[in-house]
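Hydrogens, waters and symmetry mates play no part in the numbers below; they use all other heavy atoms, side chains included. Order of appearance sets the numbers: ligands from 1, and atoms from 1 within every ligand. For clarity, every value in this text was computed on a predicted model and none was experimentally measured.
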Amino acid sequence: MNADDLRGPALQVLSDNRRSGVGLAGQPVSFSWPSPATYPFQWFWDSCFHAIALAHLHPEWAIEELEALAASQQPDGFIPHVTFHGGARMSYWAFVQGRGFRPRRSAMIQPPVFGYAVCRVGELLDDDALVERLLPAVDAYHDWLFRERDHDGDGLISIITPYESGMDHKPAYDAALGSRSGQARTLTPRLRRLDIDNKRRGFSLAENVRRGRFHAEDVIVNTFLGLSLEAAAEAHQRLGQAEAATKARDRAERLLGALLKKSWDPEAGLFWELYGAEEQALKTATISGLTPLALGLPREVVERLVDTLTNPGRFWPAYPCPSVALDEPAFDAGSPYSVRSPLIWRGGTWVNTNWLLHLGLRRHGYHDIADELCRRTQDLIRQSGFREFFNPFTGKGYGASSFGWSTLVVDMAANSR
Ligand code: GLC
């Protein structure tokens, strides 16, 4: 699908947002901020998405973006959701979401896209040496996730704050946080309290399980881990590293099996986030519940998911796919982000989730729907620019401008017929 007119502007965004910093070993690194005016610093899943887009636009920068992530990996394998590169100032992300007084990095995770990004960039650049160089970082990261975040050993990992889902205020967690109304008035203070509590307890899943505090097996987080494990398994196989390939493949299969067994609801046609030690299904229909479409699901599950996705009353308005189903009470088409309207991921359309669903539609052979989703995503950008998210009825752009991961539209187009 032709998106040549978007390539120049996309590269301009990532170039305007480009900054430099210092890796853990003191090495110079380069990467793009998500948005100069709104989101400074290097963010984990944003960087992965930037790298994938840059593989089409500026290969050298794509490699540098991935290397910058690897350079922020801690000796135990952890990779932070934000790395401040010396410029933390007194931001909330540093002060509350990192350890100590003036942290160099946050102590939280984001959806684990890293393994997939490394392999996708390697494939686009036909650069197996790059993949071989970065796979050890990917494997160490996955080891960390399973060691620290799979308390019940079921193959699904847990988050300890909704922010770790990457979908900050997704309404599935309103009730778990104790906010029945889902209004910023009650939600924001509760999220702050949870963050402060996590900081005091060392950002530890084990602590949250022990004390019955927030922990959830989040669907989009586990989908990205599944994709990354699959990609790593394939890469190891290709490179003749059979043992590592088997380990990653076994983990991917267990993860998918657990998702199907515990989180899939055939009647609803969606996967649910699983909350707390009881793994309570949180039955709020958000786009997170559609994302396992990107994995190797059985045919009947795929068909149900595609029905849900293309239902005009749920996830298929003029500008699909809204982050919350249109028929959910919590659905909000969005408004310009402001002090009075500070909540996000409550109904707006985002490019990174469209990109992920597009991947799934292609994987399972739904090329016409995938093309349509790609076309409408391109229309959003042509109409409103590289904004953070969009009104699903009008296409109006909201949130941050010059937003890095909206350039993923370039990968969607390249991955179309
Ligand atoms: C918002 C998003 C988060 C993203 C960050 C930087 O907080 O919810 O997922 O990583 O912005 O773009």
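Residue-level proximity to ligand 1 for F44 is absent, since no heavy atom of it falls below 4.0 angstrom.
The aromatic rings of F31 and H85 lie parallel to each other, with less than 30° between the two planes, well short of the 60° mark. A tilted orientation is assigned to the rings of Y173 and Y275, their planes being inclined by 30° to 60°.
Among protein heavy atoms, the minimum distance from atom 7 (O) of ligand 1 is reached at D168 OD2, 2.9 Å. Looking only at heavy atoms of the protein, atom 1 (C) of ligand 1 is closest to Y39 OH, 3.5 Å.
Ligand 1 is never approached by H81 to a heavy-atom distance shorter than 4.0 Å.
Ion pairing between R190 and D195 fails under the 4.0 Å rule for side-chain N and carboxylate O. With respect to E234 and R249, no salt bridge is recorded, no charged nitrogen being found less than 4.0 Å from a carboxylate O.
Note: Y116 and F49 fail the aromatic proximity criterion, with ring centroids not under 6.0 Å apart. Taking the six-membered ring for Trp and the full ring otherwise, the centers of W43 and W93 sit less than 6.0 Å from each other. Between F390 and Y319, the gap from one ring centroid to the other reaches at least 6.0 Å. Aromatic ring centroids of W355 and W405 lie 6.0 Å or more apart.
For ligand 1, the atoms lying closer than 4.0 Å to a non-hydrogen atom of W405 are 4 (C), 9 (O), 10 (O). Close approach of ligand 1 to F403 is summarised as follows: ligand atoms under 4.0 Å from at least one heavy atom of the residue are 12 (O). Within ligand 1, counting atoms from 1 as listed, the ones closer than 4.0 Å to a heavy atom of W345 are 2 (C), 8 (O). For ligand 1, the atoms lying closer than 4.0 Å to a non-hydrogen atom of Q110 are 3 (C), 4 (C), 9 (O), 10 (O). Every atom of ligand 1 is numbered from 1 in the order shown, and the set under 4.0 Å from a heavy atom of W45 is 3 (C), 4 (C), 9 (O), 10 (O).
Ligand 1 has no nitrogen or oxygen under 3.5 angstrom from a nitrogen or oxygen of W350. Below 3.5 Å of separation, one finds an N or O of G166 facing an N or O of ligand 1. Not a single N or O atom of W43, backbone or side chain, sits closer than 3.5 Å to an N or O atom of ligand 1.
The cationic group of R18 lies under 6.0 Å from the six-membered ring centre of W61 and within 45° of the ring axis, placing it in a cation-pi geometry.
In the candidate list D46, I344, V82, D46 is nearest to atom 12 (O) of ligand 1, counting heavy atoms.
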